[in-house]
Protein chains: 2
Amino acid sequence: MSGMAYDPTAYPAVAVTVDLVVLTIRDDRLCALAVRRGERPFRGRWALPGGFVRPTEELDAAAARELAEETGLTPAQVHVEQLRTYGSPRRDPRMRVVSVAYLGLAPDLPVPLPGTDAEAATWMPVSELEGADVRLAFDHAEILRDGVERARAKLEYSSLAAAFCPAEFTVAELRRVYEIVWGTEIDARNFHRKATKTAGFLEPTGETTTRDGGRPALLYRRGPAEQLQPPLTQPRR
Amino acid sequence: MSGMAYDPTAYPAVAVTVDLVVLTIRDDRLCALAVRRGERPFRGRWALPGGFVRPTEELDAAAARELAEETGLTPAQVHVEQLRTYGSPRRDPRMRVVSVAYLGLAPDLPVPLPGTDAEAATWMPVSELEGADVRLAFDHAEILRDGVERARAKLEYSSLAAAFCPAEFTVAELRRVYEIVWGTEIDARNFHRKATKTAGFLEPTGETTTRDGGRPALLYRRGPAEQLQPPLTQPRR
DNA sequence: CCAAAAGTGTTTACCCTACACCCATGT
DNA sequence: ACATGGGTGTAGGGTAAACACTTTTGG
């Protein structure tokens, strides 16, 4: 009920942070934003970007601010949504920290501008971050795993895949997103039909491009739909 | 990165709570657990059950504890999963409170035993709690809405519907769950085929029951599957 | 026997996959 | 001309909605 009397001095302080799983596709690989820690604990280790929520700040605003500070990316460029909250009592050895994790999906943007923070954020392939030799700080490996899993699942029934593409993109570029995130091959011709027929998913711009060679492809914009009906189902082994 | 130096005295205290959207089906209606607030703010208003997370307590454990305290229900009887976190700076007028909301699904159990807390929890139809004359405390109307939406969505692709049923149940009882949560009619014969054919969803006990009249129905237990493949799709208008 | 609910069979329409095929460009 | 990728047509298998029909109980 969150309504009992509460004496702040009766409990040790709790800190609330946001942590960000920001995904993009670079060089045909799924990558996540990572920062190298400059302080203890976990000094020198890779970690997810994030930071403290300010006293009068919305959680969503804190996530957007941290993203902008460390990368220069704005909410207009990146789809951001709340992922899950992690609050195990010993996840941070210094004190009780409850972290609200966010998932962000970004198009392949120029290498993030080092923000106002000291450590610059870098894109790292998810496969490397999940490997045994990179041991992410805190419980960030778990957060990353959950974020990637959410992204994989949401591609099926939402229009989120387009968040990985620039403002104007071709059907083939969108298909590459699905193939890379799911790690599967997709029939280009059937995908084309499904993607263009799903109401509200893609809006033709009328322009064409030949950047991939071959016959010019129509360019599309993200449409207004958030849910795909019917979903784009992932091939089951 | 949740790794900058932090001085607890530099910020006003933040409280972390859990709030619970516990759903069940009673008298053919979707109901949620609600408590009447005995203190300010929002004294006398309906609210979701919940309370403060203790200093060394897991968030999940806090949710389970609050559920047990207010209703006597144990995690073995109720499916509980994290829903979303609500942390708007002014959602509680007294201080900054970040609340991690949980979703619980329970079978139609005897009226919850008043727990150790003063206010007893009661099952209230969701339609009433969502009505204009019940104004839930804090942002609990939003939390309830999100919980119900999550439950509706998860019935499609997960085996969660069985969490609304007792340990042994018939296919018809399971179908009633879908009909009530979705507010739709479902063809009993096609549903029977789909539900019993989906691998891992239902395990026959071998027993039968005639509690609904007519030909005796086979009784089933929850199977091991968590995801339904293929999903049980909701009829689209 | 009849009502009621459980469960099976069958038809038909639709959708999805696989793949043949044509189109429009660059070299 | 030919390679490359874009885009359309279509046959065949599978699935799902609709509903006729059989089964098994209680009254």
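The sequence lines fix the lettering, A, B, ..., with proteins before strands; numbering per chain opens at 1.
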Inter-residue atom distance B/Tyr178.OH - B/Phe164.CZ, 0.5 Å rounding: 10.5 Å
In this structure, CH2 of B/Trp123 is separated from CG of B/Leu129 (nearest 0.5 Å) by 11.5 Å
B/Glu179 and B/Arg176 ion-paired at < 4.0 Å: yes
Take atom CZ of B/Arg176 and atom C1' of C/dA5, then tell me their distance rounded to the nearest Å. 13 Å
Over-ring placement of B/Arg193 relative to B/Phe191, 6.0 Å and 45° cut-offs: no
Please check if the number of heavy atoms outside A/Glu226 that lie under 6.0 Å from its CD is greater than 12. no
Is the shortest distance from a Lys or Arg side-chain nitrogen in B/Arg29 or B/Glu128 to a carboxylate oxygen in the other one below 4.0 Å? yes
Choosing from C/dG7, C/dA6, D/dG6, which nucleotide comes nearest the side chain of B/Val171? C/dG7
DNA chain C-proximal residues of residues 180-202 of chain B, any heavy atom under 4.0 Å: B/Arg189, B/His192, B/Arg193
Expressed as a whole number of angstroms, how long is the span from B/Glu207:CD to D/dT24:P? 18 Å
In whole angstroms, the gap separating P of C/dC16 from CD of A/Glu156 amounts to 13 Å
Between CD of A/Glu173 and P of D/dG7 the distance, given in whole Å, is 11 Å
Atom-to-atom span, CG of B/Leu174 to C1' of C/dA5 - whole angstrom: 16 Å
Rounding to an integer number of Å, can you tell me how far B/Gln234 CD sits from D/dA17 C1'? 16 Å
Closest approach of B/Arg91 and B/Phe138, non-hydrogen atoms and distance? O-CD2, 3.3 Å
Please list, by residue number, the residues of residues 215-223 of chain A whose heavy atoms come closer than 4.0 Å to an atom of DNA chain C; answer none if no residue qualifies. A/Arg215, A/Pro216
Is a side-chain donor-acceptor pair under 3.5 Å present for B/Glu142 with B/His140? no
